[in-house]
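Throughout, a chain's letter reflects where its sequence line sits, starting with A, and its residues are numbered from 1. Just the heavy atoms: all of them, side chains too, but no hydrogens, waters or symmetry mates, feed the values below.
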Amino acid sequence: MIINKSNRFNETQVIEVLDNGLTVSIISKPEFRSNAAVLGTPFGAKNLFQVIDGTKTSYNAGVAHFLEHKLFEQEETDILSVFTNLGASANAFTSYDETMYYFSNVDDIEKPLNILLDFVQQLSISEESVEKEKGIILEELGMYDQMPMFKLTMELIKSMYHKHPVNQDILGSKESINAISKEELDSVYRVNYHPSQMVLSIVTHVDVDTVLNLIRDNQAKKSFGPNLVVKNDIVDEPKEVKTPFKELSMNLNIPKVALGYKQSVPFVSMRESIKLSVMTRFLLEMTFSNLNPQYQTFLDDGLINDFFHFQSNYGPDYGFVEFVGETSDVNKWLEFVRNQLADLAIDESLLQQLKRRNLGETLSELSDFDGFAMASARSIFYDIELFDLLTLVETITLEDLQNTKKLLDTTHESVVVIK
Amino acid sequence: MKLSVTTYSDKKFKNVVMSLHLFIPFKKLDNTKLALLAQLCDDRNEKYPTKSDMLKKLDNMYGANLSVRTLGFGQYQSLEFRLSSIHEQYVQDNFIEEEFAFLSDIVYQPLLSEETLREAKQNLKDKLLRQVEKPNSYAMNQALSIGGQSSSLAISANGSLEEIDEITLEDINDFHKEVIQHAMAHLFVVGDVKQDEVEIWTSRYFREHRPLDVSEFAYFLESNSLEDVIETKPIQQASLVMMYTSNRNVKHPLYYAYRVGVAILGQLPTSYLFQEVREKNSLCYSVHASSINFDGVLYMNTQLAAKNLGKAQDLMALQLNRIITGDIDSSLLDGAKLMLKNTLLSVGESEYSTLSYGVQSKLIGRVFDIDKAIDAYETVTISDIVEAFKDVTPLLMYQLKGEDHDYQ
């Protein structure tokens with residue numbers, strides 16, 4: 001058992017790895033009545049190429065998301081109904097990096113926690129139900145496809161990446177969704193949902209020992225197959241972007257533009273990748289936000305509008321920085337962003353301002369049970385101590401930002417315009 | 001009269017949230033002026049005349065979050081000023097009183113100039129244009145506008161694109177003064193705060209305002225069956241909105257039974273719409289029912305392939321009819337009541353749900369009593385739901401589909 005205590009945040013996290021390999025994280029907040037529990041796997045939409053016990057395997061795009069849908073609909077039971085009848089609200093999501101199943105409720109944790117463990121730890125599907133689900137997922141794809149912002153970001157990522165699986169929609173494509181079979185879902189589940197791959201993260205009003213005993217009792221009744229050695233296969237992704245410029249039509253009132261810079265930073269650890277994401281964000285904020293006294297001039301001159309935003313995303317084998325805006329003069333907008341990037345300012349007082357802001361935001365977010373449970377799960381996936389992850393920002397120095405500026409590569413650029 | 005304040009004090013909350021509402025009647029042109037005022041108040045201030053100054057002030061309060069927005073509540077709309085931040089004790093600092101002072105600056109001293117108005121107008125135009133780029137948002141806006149007819153439902157709290165340019169700086173200055181002097185107002189504060197301190201700071205930093213009189217907020221939209229509306233746009237997936245007058249609003253004695261019925265119809269994962277339209281027939285990903293609580297309107301909405309519009313419409317009407325005729329499984333009824341009870345039990349677990357419930361209670365004119373509300377839900381029967389739904393009458397069927405699709 002590992003106990004991580006933070007006097008700073010007045011929180012304690014208890015971590016235990018069970019005999020079957022399941023990692024459990026519990027944070028007790030007895031002053032509340034709420035419970036939030038997340039059972040997650042680091043198998044997400046980008047994990048399309050795996051090496052399983054030495055054998056290479058590939059999957060159809062969208063399989064992680066499809067499996068998430070199917071786990072909720074077991075053959076004999078509709079899981080959401082079961083949670084509803086307990087007065088708990090349950091849901092799940094698939095991102096590029098993970099799939100998470102969670103519930104929240106007040107008071108009783110025993111029944112919904114057992115349901116969560118039972119339904120995620122058993123897959124029971126038929127060929128017929130798999131075929132039926134395809135119709136629903138295709139409608140979901142159609143819904144997102146009509147949303148300009150989803151479309152813009154997805155197309156930018158597709159433009160930047162040749163082979164890396166981030167270039168696939170989380171839901172997959174019409175073709176890949178139709179190609180997914182019951183066999184593939186069974187296989188993916190067997191490999192990636194073994195307890196030793198998963199984390200159960202709980203934030204609850206109940207004491208730690210009671211919750212741990214509940215979980216041990218539940219797991220003791222089950223047996224699981226052997227754990228397979230699973231690695232995510234590295235894709236040989238070129239440094240260059242696939243498509244430097246793309247224009248699409250969606251009959252928009254105001255044209256949208258996304259500018260992406262592909263990064264190739266050697267991976268050290270997830271901690272360093274997350275730190276780099278934050279440092280890049282801080283660096284860009286000093287120029288591309290109201291922290292910069294010149295920002296008002298950018299708005300007044302019509303170079304950007306209040307929709308302008310950016311993000312940076314660094315993972316083990318990919319990284320990019322993205323700028324998004326609305327403009328009827330794409331070339332002028334692009335020139336503006338490129339010029340500013342060539343001359344990024346770094347300021348000590350602004351760094352302190354950002355750190356102060358971040359402290360308040362982090363403390364505020366600890367009140368959100370669902371969010372706190374997910375942050376705890378992710379810290380375990382990333383192998384970073386939770387309170388270290390939460391205070392990562394405080395370690396950032398001016399020198400770090402200067403190094404980040406040097407690392408920021410603006411050579412490999414993609415542009416997507418939707419009109 | 002001095003500004004009325006309601007305090008929800010709870011030591012377990014880490015954040016302090018303040019929400020000031022100014023209420024005016026819903027009127028055309030005033031809605032757009034209010035939306036512009038929201039943009040202006042959220043931007044710059046006489047005391048903090050640049051965006052950087054504003055941001056520095058917020059960051060000095062450890063990333064305090066300010067939002068100013070407009071909302072609709074039946075025949076009235078509100079300009080809400082919300083400021084939330086971490087409680088000072090967690091950062092060993094002292095700034096709660098400063099937050100009261102800052103919020104009052106935002107309310108009373110926005111920077112109103114030709115420059116800021118020009119920017120606010122552009123931002124509002126862009127926001128409205130952007131909103132309707134999402135086909136289902138466009139469909140909902142159209143349905144409310146057409147279905148609302150000459151009532152306040154047809155007026156958008158976000159303002160109207162056509163009215164923005166005609167508003168001058170003088171108009172906005174006058175309007176701001178008018179709102180401050182004549183709007184009904186109420187302040188809500190949630191967090192680990194002392195009521196007597198909150199009342200002192202409220203008196204110190206806020207002016208006198210008309211007290212809240214909610215007697216005319218809730219109303220019933222007139223029952224009037226309109227012709228179906230089918231619009232086309234160059235889109236792939238269609239949207240369907242089916243609207244009804246219900247003759248039930250937040251003040252109606254059957255409101256709790258009505259809410260349970262709406263949950264069973266289309267808000268729970270076990271709801272009839274979810275099970276029949278999505279799960280059994282795979283017609284869509286998203287389908288739901290909702291009640292516009294202050295206006296006495298019920299609607300169902302989905303997005304789907306145009307070829308399935310006819311089938312979905314029939315299925316959705318059928319599910320509504322099941323509620324109307326009392327074809328309700330008792331386990332579904334129990335599940336709905338349990339979900340609503342859980343939602344109420346969760347109210348006191350976060351600053352934001354406490355605030356939301358507090359505002360709602362105030363606007364309905366009911367005491368903030370969660371146990372009473374739970375009792376009211378728990379005693380709902382199937383025949384209560386039938387009674388609650390007996391006046392549901394079709395108002396409008398609205399479809400938005402792609403230009404190449406034929407209606408089936």
Side-chain angles (χ1 to χ4, degrees), chain A residues 9-10 29 31-34 73 78 80-81 83-90 104-107 132-137 139-143 145-148 250-254 289-293 295-296 299-300 305-307 326 353-354 356-361 363-364 366-369, chain B residues 11-15 50-52 54-56 58-64 84-86 90-91 115 119 122-123 126-127 129-130 132-136 233-237 268-270 275 278-279 282-286 303-305 331 334-336 338-339 341-343 345-346 348-351:
Chain A
F9 298 121
N10 194 26
K29 292 161 89 69
E31 64 275 28
F32 289 86
R33 289 173 70 173
S34 297
E73 202 194 291
D78 172 23
L80 287 176
S81 308
F83 277 109
T84 301
N85 292 337
L86 293 175
S89 65
S104 60
N105 76 331
V106 293
D107 297 339
K132 181 192 77 65
E133 199 68 31
K134 289 180 183 177
I136 295 171
I137 295 176
E139 289 301 323
E140 187 180 355
L141 189 66
M143 186 184 81
D145 213 41
Q146 294 204 138
M147 293 184 184
M250 276 182 86
N251 202 45
L252 299 183
N253 291 319
I254 317 171
S289 80
N290 289 328
L291 283 176
N292 180 1
Y295 200 73
Q296 184 67 60
L299 292 164
D300 292 342
N305 68 2
D306 72 340
F307 183 69
E326 287 178 332
Q353 188 173 333
L354 282 162
R356 197 176 169 102
R357 182 194 303 174
N358 187 268
L359 174 61
E361 287 173 351
L363 283 163
S364 290
L366 296 180
S367 300
D368 170 24
F369 273 50
Chain B
K11 284 194 167 317
K12 68 177 183 283
F13 290 151
K14 281 196 158 76
N15 299 299
T50 70
K51 290 181 170 60
S52 297
M54 282 281 276
L55 191 55
K56 194 167 181 181
L58 289 166
D59 286 339
N60 277 350
M61 296 187 289
Y62 295 87
S84 60
S85 77
I86 191 69
Y90 297 101
V91 288
E115 181 197 329
E119 185 178 325
Q122 191 58 54
N123 288 346
D126 289 345
K127 178 182 165 184
L129 287 169
R130 201 180 296 135
V132 297
E133 286 174 345
K134 287 181 261 182
N136 201 53
K233 267 180 171 279
I235 54 175
Q236 297 298 313
Q237 202 180 49
L268 301 173
T270 46
Q275 294 298 334
R278 173 177 150 153
E279 291 299 301
S282 302
L283 296 182
C284 65
Y285 170 72
S286 159
Q303 299 164 77
L304 71 178
S331 65
D334 291 342
L338 201 49
M339 277 304 298
K341 177 182 171 181
N342 189 57
T343 306
L345 288 173
S346 306
E349 295 291 286
S350 102
E351 302 86 327

Who among [options] has the most heavy-atom pairs with chain B under 4.5 Å?
options                                : result
A/Leu359, A/Leu354, A/Leu141, A/Ile254 : A/Ile254
A/Leu80, A/Ile136, A/Leu363            : A/Ile136
A/Glu31, A/Lys134, A/Lys132, A/Met147  : A/Lys132
A/Glu133, A/Glu361, A/Met143           : A/Met143

To the closest 0.5 Å, what do you measure between [atom1] ([X]) and [atom2] ([Y])?
X        : Y        : atom1 : atom2 : answer
A/Met250 : B/Ile235 : CE    : CD1   : 10.0 Å
B/Met339 : A/Leu86  : CE    : CG    : 10.5 Å
A/Asn251 : B/Glu133 : CG    : CD    : 9.0 Å
B/Lys51  : A/Asn292 : NZ    : CG    : 12.5 Å
B/Arg278 : A/Glu139 : CZ    : CD    : 11.0 Å
B/Glu119 : A/Asp306 : CD    : CG    : 7.5 Å

Please look at [X] and chain B and tell me whether the side chain, the backbone, both or neither of the residue comes under 4.5 angstrom of a heavy atom of that chain.
X        : value
A/Phe9   : backbone
A/Asn85  : both
A/Ile137 : neither
A/Pro293 : both
A/Gln296 : side chain

Where does [X] contact chain A at under 4.5 Å (heavy atoms): side chain, backbone, both or neither?
X        : result
B/Lys341 : neither
B/Ser350 : neither
B/Asp334 : neither
B/Asn60  : both
B/Leu58  : neither
B/Ser331 : backbone

Looking at every non-hydrogen atom in both residues, tell me the closest pair between [X] and [Y] and how far apart they are.
X        : Y        : result
A/Ser81  : B/Thr270 : OG-CG2, 3.0 Å
A/Ser364 : B/Ile86  : N-CD1, 3.7 Å
A/Asp107 : B/Leu345 : OD2-CD1, 4.4 Å
B/Lys14  : A/Ser367 : CB-OG, 3.4 Å
B/Asn342 : A/Ala88  : ND2-CA, 4.3 Å

Looking at side-chain heavy atoms only, is the closest gap between B/Glu115 and A/Asp300 below 4.5 Å? yes

Would A/Val106 and B/Glu349 satisfy side chain to side chain contact (heavy atoms under 4.5 Å, CB included), going step by step from the backbone distance to the final call? CA-CA 9 Å; A/Val106 293; B/Glu349 295 291 286; 4.1 Å; yes

At a heavy-atom distance under 4.5 Å, which candidate from B/Leu268, B/Thr50, B/Leu304 has the highest pair count against chain A? B/Leu304

Looking at B/Lys134, B/Gln122, B/Gln303, which makes the most heavy-atom pairs under 4.5 Å with chain A? B/Gln303

Checking B/Gln275 against A/Asp78 for the side chain to side chain contact (heavy atoms under 4.5 Å, CB included) test, could you report, in this order, the C-alpha distance in whole Å, the side-chain angles of both residues, the deciding distance, and whether it holds? CA-CA 10 Å; B/Gln275 294 298 334; A/Asp78 172 23; 3.1 Å; yes

CG (A/Asn10) with more than 12 external heavy atoms under 6.0 Å: no

Give a yes or no on this: more than 12 heavy atoms of other residues, nucleotides or ligands lie within 6.0 Å of atom NZ of B/Lys56. no

When you look at A/Leu291 and B/Leu55, which way does the side chain to side chain contact (heavy atoms under 4.5 Å, CB included) test go after all the steps? CA-CA 7 Å; A/Leu291 283 176; B/Leu55 191 55; 3.9 Å; yes

A/Glu326 and B/Leu129: CA distance, side-chain angles, deciding distance, side chain to side chain contact (heavy atoms under 4.5 Å, CB included) verdict: CA-CA 11 Å; A/Glu326 287 178 332; B/Leu129 287 169; over 6 Å; no

Indicate yes or no for a side-chain donor-acceptor contact from A/Arg357 to the backbone of B/Asp59 under 3.5 Å, with no hydrogens or angles considered. no

For the residue pair A/Gln146 and B/Gln236, confirm or rule out a side-chain donor-acceptor distance under 3.5 Å. no

